[in-house]
Amino acid sequence: MRDMTVRVHGTCAPGFEEVREEFERNFTERGELGAAVAVTVGGEFVVDLWGGDADRTGTRPWERDTLVHVYSTTKGMTSLCAHLLVQSGVLDLDAPVARYWPEFARAGKADIPVRWLLSHRSGLIAPGEPLGQGAVLDWEKVTEALAASRPWWRPGTAQAYHAVTFGFLVGEVVRRVTGVPLGTFLRTEVTEPLGADVFVGTPESEHGRCADIAPPLTAGDAPPRRPFGEAPDPPVGGIDEHPMAPVTLALRYLPLGDVNGAAYRSAEVPAANGHATARGLAAVYAELACGRLLSAETVDRLRTPQSGPDEPDLMLAAGTPLARSWQWGVGYMLNQFGQAGPNPRAFGHGGVGGSYAFADPENGVGYAYTMNRMGSGTSGEDLRSVHLVGALYRGLRDHG
């Protein structure tokens, strides 16, 4: 087993030293490879740490500006683009998607509102037919297939996490409204003005600072993890007759492919292939926490539950050892399990493997954790982030 002694770089404000201690323990006790964590309070950085390796061979150190693939943490940025358009009055959450994307009305989808795309209720967890390896890189092919597809169950009657299709669905609405790809809109309207390192469609010029995603540790070396994301068996919901479980179906019908490849990094997959620094994500969530990007009214709208308190998510809960309800806001994970600290009104998004970012407006907190060693979940449940968040709020409690 490789030496887990890692030099941690960066700064912590007085009162937040425990965050640094837990970050170091992620390397020495929890199998971390390379990672960063950044926290703002009141819009100012109080934690900005990084360390470890950007690749599996240990030949590239993780730097302050290292970008990394954050999987579904990307969805928080995609949702932000939609809410900016809603706030400006050019997008209506309750209007039919077909108002903005006429081709979407096919196959019984004429009445699906934009809101259901953002709250995982459209029934489009996958296209109607498998698109094959490499299709995820072809925007027109995927969006045309989704426009032609019939929902897998009656829209609005159940929620199921749209792991990959979410970004194409919401992203195409953004593109139809603005005339530019979602990644371009995000860059020009949000990240460039903030100086935030967050990309959906990472320019080739930035690939040299991208960390490589590494698989989980082997069973003998792995730290304790919470079970997460096992495919339901047998299939549930409106696709009982299908031989694949929902999770398996979604990823086999629209596979991501090589997430470390140049083609994937440059493509726009707005549900899954954002590349970011922790500092960049935290800077965006700091704006949401402090009311500087979206109004308080808009923030309250996006964190309003869109499902019942006991409604399972057919992709994330049914059939897993957790087997519980999952409440979505409008494009965001809600803090119903305390993964974003003690404030139930905090909101954000996590990515499979462990990355996580959120805003806590009541406490003025913006938080982001990024890593390249795959771990255990999409909800902020990865123990590496759980310990960091716990230390953060103890610091706020004791020294805030």
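Remember, predicted model here, so these are calculated numbers, not experimental data.
- Not a single donor-acceptor pair under 3.5 Å links the side chain of Asp94 to the backbone N or O of Pro113.
- Look at Asp111 and Arg154 and you find no salt bridge, because none of the NZ, NE, NH1 or NH2 atoms lies under 4.0 Å from a carboxylate O.
- Taking a 6.0 Å sphere around CD of Glu44, one finds it holds 12 or fewer heavy atoms contributed by other residues, nucleotides or ligands.
- His207 and Ser266 are linked by a side-chain donor-acceptor pair at a separation below 3.5 angstrom, with hydrogens and angles left out of the test.
- For the pair Glu22 and Ala391, the tightest heavy-atom approach, listed with the atom from each and the gap, is CG-CB, 3.9 Å.
- In the hydrophobic cluster analysis, where Ile, Leu, Val, Met, Phe, Trp and Tyr join through side-chain heavy atoms closer than 4.5 angstrom, Val136 is grouped together with Val200.
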**Q.** Pair Ser307-Arg121, side-chain contact (heavy atoms from CB on, under 4.5 Å): steps then yes or no
**A.** CA-CA 9 Å; Ser307 55; Arg121 304 187 73 85; 3.6 Å; yes
Q: For the pair Tyr367 and Thr40, evaluate side-chain contact (heavy atoms from CB on, under 4.5 Å) and give the outcome as yes or no after the intermediate values.
A: CA-CA 7 Å; Tyr367 167 92; Thr40 64; over 6 Å; no
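- Side chains of Cys210 and His69 form no contact here, defined as non-hydrogen atoms less than 4.5 Å apart.
- A continuous path of ILVMFWY side-chain contacts below 4.5 Å connects Leu293 to Val198, so both sit in one hydrophobic cluster.
- Distance alone, capped at 3.5 Å, is enough to place a donor-acceptor pair between the Thr304 side chain and the Asp300 backbone.
- Rounding to the nearest 0.5 Å places CH2 of Trp328 at 6.5 Å from CG of Asp313.
- Side-chain atoms of Gln327 do not come within 3.5 Å of backbone N or O of Gln336 as any donor-acceptor pair.
- The CG atom of Asp92 sits 12.0 Å away from atom CG of Leu85, with the distance rounded to the nearest 0.5 Å.
- Outside the 6.0 Å centre-distance limit, the rings of His275 and Phe199 are not counted as a close aromatic pair.
- A continuous path of Ile, Leu, Val, Met, Phe, Trp and Tyr side chains, each step under 4.5 Å between heavy atoms, connects Trp139 with Leu169, placing both in one hydrophobic cluster.
- One finds the CH2 atom of Trp116 at 11.5 Å from the CG atom of Leu124 (value rounded to the nearest 0.5 Å).
- For Asp360 and Tyr393, the side-chain atoms include at least one donor-acceptor pair closer than 3.5 Å.
- When atom types are taken as modelled, the side chain of Ser149 and the backbone of Gly128 share a donor-acceptor pair closer than 3.5 angstrom.
- In this structure, Ser119 contributes its side chain and Gln306 its backbone to no donor-acceptor pair below 3.5 Å.
- The closest side-chain heavy-atom distance from Pro361 to Arg303 is below 4.5 Å.
- For Asp212 (side chain) and Asn260 (main-chain N/O), no donor-acceptor pair under 3.5 Å exists by modelled atom type.
- The side-chain heavy atoms of Met315 and His120, taken from C-beta on, include no pair separated by under 4.5 Å.
- Looking only at side-chain heavy atoms (C-beta outward), Asn363 and Val41 stay at 4.5 Å or farther from each other.
- Hydrophobic clustering places Val19 together with Val365 (ILVMFWY residues linked when any side-chain heavy atoms are closer than 4.5 Å, directly or through intermediates).
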Side-chain donor-acceptor pairs under 3.5 Å in residues 277-285, sequence neighbours left out?
residue	atom	partner	partner atom	Å
Thr277	OG1	Gly280	N	2.8
Arg279	NH1	Asp48	OD2	2.8

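- Shortest non-hydrogen contact noted between Gly274 and Thr74 is N-OG1, 2.7 Å.
- Here the side chains of Tyr253 and Ile125 are not in contact, with every heavy-atom distance at 4.5 Å or above.
- The CD atom of Gln87 sits 10.0 Å away from atom CG of Leu302, with the distance rounded to the nearest 0.5 Å.
- Counting heavy atoms from C-beta outward, Leu388 and Asn26 have side chains that approach closer than 4.5 Å.
- Residue Ala126 comes nearest to Ala250 through the heavy atom pair CB-CA, 4.0 Å, listed as atom of the first residue, atom of the second, then distance.
- Interatomic distance, CE of Met371 versus CD of Glu32, reported as 7.0 Å (0.5 Å rounding).
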Q. Checking side-chain contact (heavy atoms from CB on, under 4.5 Å) for the pair Val47/Phe23: CA distance, chi angles, key distance, verdict?
A. CA-CA 11 Å; Val47 175; Phe23 188 64; over 6 Å; no
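- Note that SG of Cys81 is 11.5 Å distant from CG of Leu91, once rounded to the nearest 0.5 Å.
- The 12-atom threshold is exceeded at CD of Glu140, counting heavy atoms of other residues, nucleotides or ligands nearer than 6.0 Å.
- Listed for the Tyr369 side chain is no donor-acceptor partner under 3.5 Å among the backbone atoms of Val386.
- Here the closest heavy-atom approach between residue Ala211 and residue Trp62 is recorded as CB-CZ3, 3.8 Å.
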Q) For Val259 and Tyr264, what are the C-alpha separation, side-chain angles and deciding distance, and is it a side-chain contact (heavy atoms from CB on, under 4.5 Å)? A) CA-CA 6 Å; Val259 301; Tyr264 179 81; 3.8 Å; yes
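- Using a cutoff of 4.0 Å between basic side-chain nitrogens and carboxylate oxygens, Arg394 and Glu21 are not scored as salt-bridged.
- With hydrogens and angles disregarded, a donor-acceptor distance shorter than 3.5 Å links the side chain of Thr73 to the backbone of Gly351.
- Arg176 is not listed as a side-chain neighbour of Phe104, based on a closest heavy-atom distance of 4.5 Å or more.
- Leu146 places none of its side-chain heavy atoms less than 4.5 Å from the side chain of Glu172.
- Side chain of Gln339 to main chain of Leu334: a donor-acceptor pair is present (N/O by atom type, distance under 3.5 Å, no hydrogens or angles).
- Contact check on Arg209 versus Glu206 returns a salt bridge, with a Lys/Arg side-chain nitrogen under 4.0 Å from an Asp/Glu carboxylate oxygen.
- In the displayed structure, Arg150 atom CZ is contacted under 6.0 Å by at most 12 heavy atoms of other residues, nucleotides or ligands.
- No salt bridge links Glu17 with Arg20; every basic N to acidic carboxylate O contact stays at or beyond 4.0 Å.
- Tracing side-chain contacts under 4.5 Å through hydrophobic residues (I, L, V, M, F, W, Y), one never reaches Phe45 starting from Tyr356; they form parts of separate clusters.
- Annotation for Arg384 and Gly353: closest pair NH2-O, 2.8 Å, computed over non-hydrogen atoms.
- Of all heavy-atom pairs between Pro344 and Asn335, the closest is O-CB, 4.0 Å.
- Checked by atom type and distance alone, the side chain of Gln159 pairs as donor or acceptor with a backbone atom of Glu311 at under 3.5 Å.
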